[in-house]
Amino acid sequence: MSTTRHQSKPSADAPASGAPKLHVVTFGCQMNKYDSELVEGRFKRDGYETTSEIDEADVVLFNTCSVRDHAEERTWSWVGELKKVKEQRPDLVVGVMGCMAQRVEEEIFKRAGHVDLVAGTRQFHLLPKMVAELHERRGAPDRFTRKERRLLATDMAEDVVVDREGETFSGGRHAYLAVMRGCDLNCTYCIVPTTRGRVRSRSIDELVKEAQWYADQGVQVLTLLGQTINSYGEDSPAPGPGEPMMRGRKGRPSLADLLYRLEEVKGLERIRLITLHPSYVTQSFAESIRDCSKVEKFLPLPAQAGSDDVLKRMKRGYTLDLYRRRADLLREIVPDIELGSDWIVGFSGETDEDFEGSERFLEEQGFLVNYVFKYDPRPKTKADEKLEDDIPEAVKKERNQRLLRVSERIQRARLSRYRGKEVEVFVESLSERDERILLGRTLHGMPVSFEGPASMLGTLQRATIDETTAYGMAGRQA
Ligand code: SAH
Ligand code: SF4
Ligand code: F3S
């Protein structure tokens with residue numbers, strides 16, 4: 001989870017000229033980064049240019065996140081900063097889209113009167129049209145009231161339309177690809193099912209086409225996205241008589257089927273997956289990880305908690321034993337698999353003993369990467385309505401730090417096993433601090449730095465590991 005916030009602060013100068021310019025500020029997860037790219041592509045096709053300077057933009061869009069309150073507060077503060085700019089440049093179009101837009105809808109207009117557009121999580125493709133419509137309404141103030149010179153589109157029945165025909169990708173070697181949208185589970189703490197709606201998996205053919213489109217433009221590393229990505233295809237119809245059976249339930253398409261196809265896309269070198277759910281780990285999925293040489297042998301498989309009581313109150317749909325069985329299945333079929341986990345500390349009713357369970361489970365499973373969050377009740381979720389947020393902030397903080405300390409120790413120990421060993425590294429970039437240093441990742445997704453010529457960018461190299469920390473490794477060309 002990260003936020004792109006390297007843009008310059010807005011001021012009232014407005015040197016816009018030539019083609020209209022778009023600036024997108026992206027908060028939240030990788031899905032939002034992908035969606036922001038889709039939006040930029042749409043606008044470019046309509047004659048817009050993108051700019052990294054808010055000051056130059058004619059249209060500023062905020063792609064927002066609701067997963068924790070902090071994410072929303074940051075958005076409000078950013079949106080607020082545009083108020084003065086808008087007073088001096090009334091032509092500026094300010095839009096809010098994504099998860100927070102979907103969640104709070106009209107309230108955005110109430111809290112931030114200078115916002116012109118609100119678009120939910122399934123309306124990205126409509127945004128250029130919405131901006132055009134807005135301009136039209138602004139040009140006819142006698143026909144449209146002030147209220148009508150604002151537009152809102154948040155219908156969840158809508159489907160995002162992805163069509164990249166005629167677009168160019170300028171993002172470099174790495175790209176995101178959402179293979180599905182939405183989430184059909186209902187973890188009691190989570191806002192995502194509300195903001196992203198029911199699962200819609202895209203077709204394998206469509207995804208292979210988009211992956212090839214990326215590869216043709218120089219993309220070598222593709223991160224596949226889905227909230228429960230290994231449930232991909234579960235919402236598709238089962239094949240009818242005479243239609244080919246696939247690897248999913250009752251012959252449906254599954255993530256394994258997609259991976260075998262993507263493995264064949266020329267130009268791709270690495271395929272990453274975000275995020276898996278223990279309930280959908282199957283034999284055929286594990287086999288596809290084993291068989292597909294381009295697919296990373298690191299899987300984010302969040303446990304969230306190390307206590308059956310807490311997991312039950314979270315409605316995660318598994319016990320620790322079931323998690324163990326799924327993880328063991330993966331390890332049996334892919335012996336060198338590495339797993340990562342997200343954790344929520346201080347969830348409703350979490351006792352000291354429950355929390356210690358998380359410490360123990362992290363250690364037992366030896367997770368290579370861990371993200372720890374303090375429970376934050378989200379409005380209208382089951383946990384917010386039916387359970388109490390009864391763990392004091394100070395305790396949440398302390399547990400957060402304790403679990404981070406355990407994860408650092410485990411990650412350090414796990415990575416230290418690579419010391420003195422030779423690993424294969426896909427070289428992704430040059431170090432910003434020293435151009436002689438190459439940065440890449442192992443097949444397990446672990447960052448490696450080593451000295452080498454820039455000509456190695458975009459190639460697979462072998463490196464011997466000299467040093468390791470809790471977060472990455474350094475070595476030399478083997
Ligand atoms: N679909 C993914 C996670 C999406 S949200 C999955 O099921 O694993 C990313 C992470 O944010 C979650 O894994 C969880 O650890 C954390 N998170 C979600 N809701 C939260 C909340 N209300 N408070 C604190 N952390 C939360
Ligand atoms: Fe949220 Fe649970 Fe769905 Fe993940 S699986 S997005 S945590 S409801
Ligand atoms: Fe945030 Fe929505 Fe992603 S709530 S984490 S931007 S799915």
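Scope of the values below: all heavy atoms of this structure, side chains included, with no hydrogens, waters or symmetry mates. When a ligand or atom number is given, it counts from 1 through the structure's own listing order.
- Atoms of ligand 3 found under 4.0 Å from any heavy atom of Cys65 (numbered from 1 in listed order, with element): 1 (Fe), 4 (S), 5 (S), 6 (S).
- Between Gly98 and ligand 3 there is no heavy-atom distance shorter than 4.0 Å.
- Of all the heavy atoms of Asp376, the ones lying under 4.0 Å from any atom of ligand 1 are found in both the backbone and the side chain.
- The two residues Gln123 and Asp155 come nearest to each other via the heavy atoms NE2-O, 2.8 Å.
- Residue Gln304 has at least one N or O atom closer than 3.5 Å to an N or O atom of ligand 1.
- Taking every non-hydrogen atom of Pro302 and a distance limit under 4.0 Å, the qualifying atoms of ligand 1 come out as 8 (O).
- Using modelled atom types and a 3.5 Å distance limit, the side chains of Asp342 and Gln304 yield no donor-acceptor pair.
- No hydrogens or angles considered: a donor-acceptor pair under 3.5 Å links the side chains of Gln365 and Arg331.
- Between the side chains of Ser66 and Glu72, at least one donor-acceptor pair of N or O atoms lies under 3.5 Å.
- Look at Val67 and you'll find a heavy atom under 4.0 Å from some atom of ligand 1.
- No hydrogens or angles considered: nothing links the side chains of Thr381 and Asp384 as a donor-acceptor pair under 3.5 Å.
- Near Val192, meaning under 4.0 Å from one of its heavy atoms, ligand 2 places the atoms 6 (S).
- Among the candidates Tyr176, Tyr214, Tyr34, the single residue satisfying the ring-ring contact (aromatic ring centres under 6.0 Å, His included) test with Phe169 is Tyr214.
- Under 3.5 Å, the side chains of Asn63 and Thr26 contain no donor-acceptor pair of N or O atoms.
- Closest approach of Arg441 to Gly445, counting heavy atoms only: NH1-O, 2.7 Å.
- The option with the heavy atom closest to atom 19 (N) of ligand 1, from among Trp343, Phe373, Phe347, Tyr189, is Tyr189.
- In the vicinity of Pro193, heavy-atom distances shorter than 4.0 Å reach the ligand 2 atoms 8 (S).
- The protein atom (non-hydrogen) at minimum distance from atom 1 (Fe) of ligand 2 is Cys190 SG, 2.3 Å.
- With hydrogens and angles left out, the side-chain atoms of Glu105 and Thr154 include a donor and acceptor closer than 3.5 Å.
- Residue Thr228 touches ligand 2 through its side chain alone, judged by heavy-atom distances below 4.0 Å.
- Protein heavy atom in closest approach to atom 7 (S) of ligand 2: Tyr189 OH, 3.3 Å.
- Using a cut-off of 2.8 Å, one finds that Cys99 contributes an N/O/S atom close to atom 2 (Fe) of ligand 3.
- If you look at Pro302 next to ligand 2, there are no close heavy atoms at all, none under 4.0 Å.
- Evaluated for a salt bridge (charged side-chain N to carboxylate O under 4.0 Å, His left out) with Lys396, the options Asp376, Asp389, Asp390 yield exactly one hit, Asp389.
- For the pairing with Asp163, the salt bridge (charged side-chain N to carboxylate O under 4.0 Å, His left out) check across Arg42, Arg45, Lys209 returns one residue only, Arg45.
- Counting only N and O atoms by type, the side chains of Thr223 and His174 include a donor and acceptor under 3.5 Å apart.
- Contacts between Met314 and ligand 1 below 4.0 angstrom, taking non-hydrogen atoms only, are absent altogether.
- Ligand-side atoms of ligand 1 in range of Thr275: 8 (O), range being under 4.0 angstrom from any heavy atom.
- Contacts between Lys374 and ligand 1 below 4.0 angstrom, taking non-hydrogen atoms only, involve the backbone exclusively.
- Using a 30° and 60° split on the angle between ring planes, Phe373 and Tyr371 fall in the parallel class, below 30°.
- Ligand-side atoms of ligand 3 in range of Asn32: 6 (S), range being under 4.0 angstrom from any heavy atom.
- Here the shortest heavy-atom pairing between Asp354 and Gly349 reads OD2-O, 3.5 Å.
- Residue contact annotation: His277 places no N/O/S atom under 2.8 Å from atom 2 (Fe) of ligand 2.
- Between the choices Met314, Arg196, Arg316, Lys315, the shortest heavy-atom distance to atom 4 (Fe) of ligand 2 belongs to Arg316.
- Proximity to Gln227 (heavy-atom distance under 4.0 Å) selects the following atoms of ligand 3: 7 (S).
- Aromatic ring pairs are classed by plane angle as parallel below 30°, tilted from 30° to 60° and perpendicular above 60°; the pair His444 and Tyr418 is tilted.
- Counting heavy atoms closer than 4.0 Å to ligand 1, residue Arg378 contributes side-chain atoms (C-beta onward) but none from N, CA, C or O.
- Of all the heavy atoms of Cys183, the ones lying under 4.0 Å from any atom of ligand 2 belong exclusively to the side chain.
- Proximity of the aromatic rings of Phe355 and Trp343 is defined here by a centroid distance below 6.0 angstrom, and this criterion is not met.
- Scanning all protein heavy atoms for the shortest distance to atom 2 (Fe) of ligand 2 gives Cys187 SG, 2.3 Å.
- For ligand 1, the polar-atom distance check finds an N/O of Arg68 within less than 3.5 Å of one of the ligand's N/O atoms.
- At least one heavy atom of Arg196 sits closer than 4.0 Å to an atom of ligand 3.
- Residue contact check: Arg316 has heavy atoms under 4.0 Å from atoms 7 (O) of ligand 1.
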